[in-house]
Amino acid sequence: MARRFVLKPDPSAAPSPLTLDYAGDLNPQQHAAATAPGGPVLVVAGAGTGKTRTLIYRLAYLVETGTPPEQIVLLTFTRRAAREMLTRAAALLDGRCSRVQGGTFHAFCLAILRQHAPRLGLPAHFTILDAADAADVLDVLRTARGLHRAARRFPRKRTLQAIFSAATNRGLALEEILAESYPQFEAYRDTLDALQQDYADYKQRHGLLDYDDLLHRTLTLFERHPDVRDQVSARCRHVLVDEYQDTNRLQAALVTQFAHVHGNVMAVGDDAQSIYRFRGADFRNIFAFPERFPGTRVLKLEHNYRSTQPILDLANHVLGRATRKYEKHLFTDVRGGEPPALVPAPDARYEARFVAQVVLELREQGVPLRRIAVLFRSSANAYELEVELNRRNIPFVKYGGLKLSEAAHIKDLVAHLRVLENPQDAVAWNRILQLLEGIGPKTAADLIAWLTAARDDPFRLEERPFAPRYVEALKALFETLRAARQPGVPLPAQVERLVAYYEPICRRVYYEDYPRRLQDLEHFLALAEHAGDRAAFLASLALDPVELTALEAEARADDEPPLVLSTIHSAKGLEFNTVFVIHALDGVLPSGYALKDPDALDEELRLLYVAVTRAEERLFITYPMLRYQRYQGEYLTRPSRFIDGVPERLLEPWTLVEEGPPALPDAAPPEALPGASDGTRGDEIDDGLPF
DNA sequence: TTTCCCAAGCTTTTT
DNA sequence: GCTTGGGAAA
């Protein structure tokens, strides 16, 4: 064990006076956190208590007191969060924070792995698998073992991926995962064990890493090569971690490693806002922090600056319904405020009309669209609303919907880029080859085996007995790849070349709806223009997926910033003047999957808590009383058990009433719905509705 | 071996 | 409404 020697500040470097008024800008608790000396610090911060502000001032303080920005690491949950914090910090210190290392655990680990890939026997240009790619690999491996024709039902590829991912993220053996969550597959334990090994071998052989590998293999790298660990850690003189309650076991272990040399870690989080259990997050990490880092200074932020008291009253009430007790009671000095509203609507279309109309009224009153958010449990819940907003020309961005890089045609195109980067990338080859006429799974597998065997130039077709039914197509493919791979071809030109090649394929394969897809190819081309080099572009596509609607919103950049539609998960850490929580139904929020498991149910409750605490001034919780489900047709819903029976003084019931004579739904003019009346019980609907 | 067609099954949240 | 899987024709 090396001896630790602490260097005192260099006396010749006279400390310049601080430019920010830390004591004046922050409350005492925030100030204590922002200006804490080195060593481990845990900041337990309730919703809306200025957690982000504190972290930003912490960054500024560290920089002002002499820590070189490039030696500070800010780990966040999304790139969006990192970007926002760094921008705000840069604004405070006019740019002096810009060189802070920031990003997600995954992105930070990727950078480390890139640098040290050979130490793990990986090619420097390894490529990254998203969840769908990982499932595709497993599909191939499962077929290779003949498991697809097993007597008893074998897990489908997405399930396999989920099982293996859970095992990695939670640091558990397959056996434990099966016992806990997949008892129906326990009979396949040995087979699954073998398949897991196949998967690991396959990735190693073809230079592939999935999301979990980014974390897991970084830890392995540190374990096997302590010198790398020390080198990385020495450059992390201060580690700041946001949303610590949502770290999983691997991430908590990584934090320890990053902070190994200096022990300067600040973790910020709120156990009541832990909402990522499904991907291995463990809120107990936050309580274990002081044990993990002896000498931890624990600070609490309790004073809420965001919401009005009525909103906090509801939030406190919601949290009080949890099985587990939280020592949280949010309070504020913000006076007054409307009570949150509970709005039952006859069906989802009415719900959408209500939201759209209130949004327009608020805009009239001067609330900008971007300060209003509509939140929901799952992306499909917003379908009717999207239709309505489009109909009324209200611009919106939707976060948490389909990502550009998840669309089939974009995956096709990206696969081409990936083989340029990593010719061993067998999943990408598999995708590319099967796009060609006359090539199916079998031929693709044979070709891949040949392609990824060691050859001088993986992009040349030598003599080989190719079947005539596809040889021309194959030649065209290789010609394109070789041309795009010429040294000196800039990324946009590479992409342009690939798009030109791919376009006819796209028309053929997606003949029903290719026009829309061709548009996306244009977007993709535009993205490549500002992307840096190919490796960086691929990494950002994998780790920082672009929302499809965000692209559209950008296309109309001169318009006003759009209304925000978001899953509750994606809205974490954000705040809005007005928040709508739609589809607050039993079976939706809480999700139907969570009903049997008390822990899962608690997480759903925390989800509602997160949603509620996003609101500053106005909060509407709405739900449709009638729903269409694909199979069952329409049926009566039950409001979420989390809002059922909440006292009316905390959540005021509203009733929607149709104005004037009943109109047919399709003919209803946009403004037909009047403002809500008040007072009456919420479950009564005026007659005259077309049901 | 590929491709097409039909039936079955399932569907959350994200890096 | 969509993906996935199985079966049969080309």
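Scope of the values below: all heavy atoms of this structure, side chains included, with no hydrogens, waters or symmetry mates. Remember, predicted model here, so these are calculated numbers, not experimental data.
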Using whole Å, report how far [atom1] of [X] lies from [atom2] of [N].
X: A/Tyr609; N: B/dT13; atom1: OH; atom2: C1'; result: 20 Å
X: A/Phe77; N: B/dT14; atom1: CZ; atom2: C1'; result: 8 Å
X: A/Tyr383; N: C/dC2; atom1: OH; atom2: C1'; result: 13 Å
X: A/Glu406; N: C/dT3; atom1: CD; atom2: C1'; result: 15 Å
X: A/Leu538; N: B/dT15; atom1: CG; atom2: P; result: 18 Å
X: A/Asn381; N: B/dT11; atom1: CG; atom2: C1'; result: 12 Å
X: A/Leu607; N: B/dT14; atom1: CG; atom2: P; result: 10 Å
X: A/Leu447; N: B/dT1; atom1: CG; atom2: P; result: 12 Å

Residue-phosphate contact under 4.0 Å: [X] side-chain N/O, [N] OP1/OP2:
X: A/Ser570; N: B/dT13; value: no
X: A/Ser591; N: B/dT13; value: no
X: A/Arg158; N: B/dG9; value: no

Earlier contact from the 5' end, DNA chain B, for A/Gln434 and A/Tyr593: A/Gln434
Pairwise 5' ranking along DNA chain B for A/Gly438 and A/Ala542, keeping only the more 5' one: A/Gly438
Inter-nucleotide C1' distance (B/dT12, C/dG5), Å rounded: 24 Å
Nearest-angstrom distance, P atom, B/dT13 to C/dT4: 16 Å
Quiz item: cation-pi between A/Arg508 and A/Tyr514, 6.0 Å / 45°: no
Are any of the side-chain heavy atoms of [X] and [Y] separated by less than 4.5 Å?
X: A/Pro624; Y: A/Leu585; answer: yes
X: A/Gln161; Y: A/Asp210; answer: no
X: A/Glu384; Y: A/Ile582; answer: no

Determine the contact category for [X]: base if any of its heavy atoms lies under 4.0 Å from a base atom, sugar-phosphate if only primed atoms, P, OP1 or OP2 are that close, otherwise nothing.
X: A/Leu215; answer: nothing
X: A/Gly400; answer: sugar-phosphate
X: A/Glu603; answer: nothing
X: A/Arg79; answer: nothing

Heavy atoms from C-beta onward define the side chain here; which of [options] lies closest to that of [X]?
X: A/Lys157; options: C/dT4, B/dT1, B/dT12; value: C/dT4
X: A/Asp139; options: C/dG5, C/dT4, B/dT13; value: C/dG5
X: A/His569; options: B/dT2, B/dT14, B/dT15; value: B/dT14
X: A/Ser379; options: C/dT4, B/dT13, B/dT2; value: B/dT13
X: A/Pro441; options: C/dG5, B/dT13, B/dT2; value: B/dT2

Ring-on-base stacking B/dT14 with A/Tyr276 (under 5.5 Å, under 30°): no
Donor-acceptor pair (no angle test) under 3.5 Å: A/Arg156 side chain, C/dT4 base: no
A/Phe105-A/Tyr211 aromatic ring centre distance below 6.0 Å: no
A/Glu243 versus A/Gln245, side-chain donor and acceptor atoms under 3.5 Å: yes
